[in-house]
Amino acid sequence: MVLKIFFPQCCNKADSGLLVGRWIPGQNSAVVLAVIHYPFIPGQVKQYIQQVESSGVDLTVLGSWSMPKEGQEGMESFLRDLSTIFPQGQWLQLSREMGKIGFRCHVLTRDQSKSPSDKVIFIHYEQRKVMLSQLHPIENGVPDPQTESQLPQVFGTVCQSEPLFFLDKYDDSPVKLTHWQSEGREGSIIVELMKQASTPVCLLTTWILTLWTSLCSSRILNVRPMRFISSKLSTCVQLSYRTEHLQTVSSPTRATTHNHFMRKANIFVSFFVDVSLGLLLVSWMYRENRIGKLANTLVPAADHIAKELEELLQWLMGAPAGLKMNRALDQVLGRFFLYHIHLWISYIHLMSPFVEMILWYVGLSACLGLTFALSLLSDITALLTFHIYCFYVYGARLYCMTVYGLSSLWRLFRGKKWNVLRQRVDSCSYDLDQLFIGTLLFTILLFLLPTTALYYLVFTLLRLVVVMFQGVVHLSVDFINSFPLFSMGLRLFRSYRLAEGVKFRVLCEEPGTPLHLMMDINPLKVSRVVQTYRTPTYSCYPKDSWLALCKKLFLGELIYPWRYKTTKID
Amino acid sequence: MQNGDQHYSMEDETYTDIDGKAISLECQSHSGFCREFTVSSAKVSIGRVMVYTCAVWLSAYIVFFITENTAVLSSAIIITLVGMMVHIHFVKVDHETLLIIGSLGVQVSSSYASGRESTDFIEMDKIKDIVINEAIHMQTVIYYLCILLKDPSDPEAVSSVVPLFQSSKPRLNCLVKVYKSCQEILAKC
């Protein structure tokens, strides 16, 4: 089998010394993690390796690295003797000459047989990028090292060796290493400051949140009617949802897995963007008293809607679209709905002096985020069009009763009956007076059907318009809640951190040297980033398919087309 | 041959794709167990681009002549430009490459006319075999080269099929050459 050696690019120009790394079981490959320079004392090297192994890194001496410079004669024999000091199953002797690009490799096995260098592949990798990247799909739990494939093992090896890379060339230690951090440990002031500041901020946020949750779960606010109202208002739902998010983010324990870390970061960034957009909106609306102007247009808008509805009802009470209605029923229904509208308008006029003040204070809650402003918009629409909802319910119930009555009497007309026990239609012999009354009722209902159907149709269409608008608002709130902004930013600016796989490129080298490949990271596709890192939300989506919806509309059953998922799915 | 690897393109045999258009195959052998095959399709032809552009602009000018609305002309220009950019960046494949490295894996990459490259690497553990399959496409039977992937739960079963050279669609003579080379390497490692 071909021997594969993963060699870090930072060690290409390292001085001669020992190679340390790890053999990958079952794959005949070796990952070189660092080079320990000459001069060193073998006893101290063994001590150092034991020390590093005790902190959880799997490390062995792989072989020797020789890059001869001026004044280092006798190096070759020294390096050859090293294989006796560090006994291994396979000993790699890598060498490189100045001015030449290719490496050479000799492999010594325990029984001292050499293998030709044709069966060796050198795979160069950039240690920093492989160290920081995460290979997808992410395995949950600890994988079995025997069945795991090669690339995840290589990535895992480099990621686990973090303690090895803490030693840089400025440390006073008996061993001198070359690896990606040997020029000096990498760090960022902003990240360190944020780490220091995060603990007190997290504690403060947790304390505030515990106060808030205890207030919300107090006895006063948990009475049946309040719970029902708060489950219907989308602002309250959004509030509870954001509380949950903040609880996730402000937990003082550090994130252990990659998924957990990404979720916390995504929630934090999206919350931050949401609040800043909300503050922008508030500052724009409260400047030049736009909120006052908005409040002043609300009551006239409600009046206008009511006037339009009254005109619609007058049209229905006449001969709408040339259809001839049943006069008496038409007048009854029309007058009933007109009285309702009259009541509603009186109520709105009663409220009109307070509208501006209420809107001014409620509009301030948009500081909590743009999602709150949108939920408020949806709730205000729902409250202002409450009469349309009432009319829809009346019309639907009436139509539903008519349809059920008609279907039952149609069965009587044909001499059949619905058997509730057996859930099927059975034949039945009726008495003469039963048949007579049944036929009479059937005829009456049949001739009243067009009128009720028309009222039902008109109010259902109005209700559907309002529902569509609310649906659009909820979809945009859902989008803002669930879109993974941090992951998307990471994919755009540090694309090596989210890896779908690797790419290989053949490096041209001289004849007689083994094959050299360059391993680059293949970043994750944008669509998969969104799919993997979406924050699960109470997404609202259509409860029924189109066919089921049409069937419900036809029968007159009440429709609630958007369903909220109360339990989170992962 | 100063690079130490052999590089040859078949000039005595011209290859075509299933529609009859000329394509070229280039085989590069980097080492005994590493080979690279590149199939290049025809480039974007300037004649066709000019014909499409002139047709769109002529029809836009006729519509402008009738309606006297300048938005028609500017929208025609924008549509042509955006359409061309989308075509060369997402649709037109310039060449497709298959790099097979014994005991490491197979890398499949498509390079688009704008220079964008989309790459996929499949490890050798997951590959069961590379075969030539037949498919019925409308009224013809075509051959295509594909990689069979192993099912992790059942080593004898095939879990999925990855077809190769999907945009250039070479004919059987080209596929047989690639197939023979790949089988040599798969047999060695």
Side-chain angles (χ1 to χ4, degrees), chain A residues 1-6 24-29 100-102 116-123 125 135-137 139 143-144 146-155 499-528, chain B residues 1-7 26-38 89-90 96-112 115-128 147 149-155 159-160 162 184-189:
Chain A
M1 220 172 137
V2 180
L3 175 67
K4 296 163 281 249
I5 302 176
F6 290 85
I24 298 188
Q27 302 280 350
N28 204 18
S29 4
K100 289 204 173 175
I101 311 171
S117 61
D118 253 357
K119 289 281 190 178
V120 175
I121 306 181
F122 281 97
I123 300 171
Y125 69 98
L135 199 61
H136 294 77
E139 305 283 330
D144 182 14
Q146 293 301 320
T147 55
E148 213 189 350
S149 50
Q150 196 170 71
L151 282 173
Q153 292 213 31
V154 171
F155 275 72
E500 191 178 20
V502 294
K503 309 194 256 223
F504 288 97
R505 200 166 27 107
V506 180
L507 299 170
C508 337
E509 75 297 320
E510 299 95 17
T513 54
L515 184 66
H516 286 261
L517 297 170
M518 178 72 207
M519 184 169 93
D520 288 316
I521 295 197
N522 202 9
L524 202 57
K525 293 204 218 334
V526 171
S527 55
R528 277 200 68 189
Chain B
M1 311 296 154
Q2 67 262 41
N3 287 347
D5 46 47
Q6 286 125 29
H7 182 121
E26 194 182 296
C27 311
Q28 222 175 342
S29 172
H30 298 287
S31 114
F33 46 84
C34 174
R35 298 206 185 140
E36 189 171 355
F37 307 97
T38 309
H89 196 72
F90 291 107
E96 289 171 299
T97 312
L98 177 73
L99 173 69
I100 176 160
I101 307 165
S103 89
L104 195 61
V106 174
Q107 172 168 293
V108 180
S109 111
S110 317
S111 165
Y112 292 84
R116 176 172 85 101
E117 282 212 22
S118 112
T119 320
D120 199 15
F121 179 74
I122 306 168
E123 293 183 67
M124 204 47 107
D125 297 342
K126 298 203 175 81
I127 297 180
K128 190 159 190 298
I147 303 178
L149 299 181
K150 279 187 200 164
D151 194 1
S153 51
D154 179 11
S159 76
S160 56
V162 177
E184 276 171 24
I185 294 183
L186 286 179
K188 269 192 227 173
C189 316

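A note on names: the letters A, B, ... follow the listed sequences, proteins ahead of strands, and every chain is numbered from 1.
- Residues satisfying the side-chain hydrogen bond (donor to acceptor under 3.5 Å, both in side chains) test with Q107(B), not counting sequence neighbours, are none.
- Proximity to chain B (any heavy atom under 4.5 Å) is shown, for K503(A), by both the backbone and the side chain.
- Here the CD1 atom belonging to I121(A) is positioned 4.5 Å from the CZ atom belonging to F33(B), to the nearest 0.5 angstrom.
- Here the CE-CZ distance, from M519(A) to F121(B), works out to 9.5 Å after rounding to the nearest 0.5 Å.
- Taken from OG in S109(B) to CZ in R505(A), the straight-line distance is 12.5 Å, to the nearest 0.5 Å.
- The residue among V502(A), I123(A), N28(A) with the most heavy atom pairs within less than 4.5 Å of chain B is V502(A).
- Atom CG of L104(B) sits about 7.0 Å away from atom CG of L151(A), to the nearest 0.5 Å.
- In this structure, OG1 on T119(B) lies 10.0 Å from CD on E500(A), to the nearest 0.5 angstrom.
- Between the side chain of Q150(A) and the backbone N or O of E123(B) there is no donor-acceptor pair closer than 3.5 Å.
- No side-chain heavy atom of K188(B) sits less than 4.5 Å from a side-chain heavy atom of V2(A).
- The OG atom of S103(B) sits 8.5 Å away from atom NZ of K119(A), with the distance rounded to the nearest 0.5 Å.
- Applying the salt bridge (Lys or Arg N to Asp or Glu O under 4.0 Å) criterion to D120(B), with sequence neighbours excluded, gives no partner residue.
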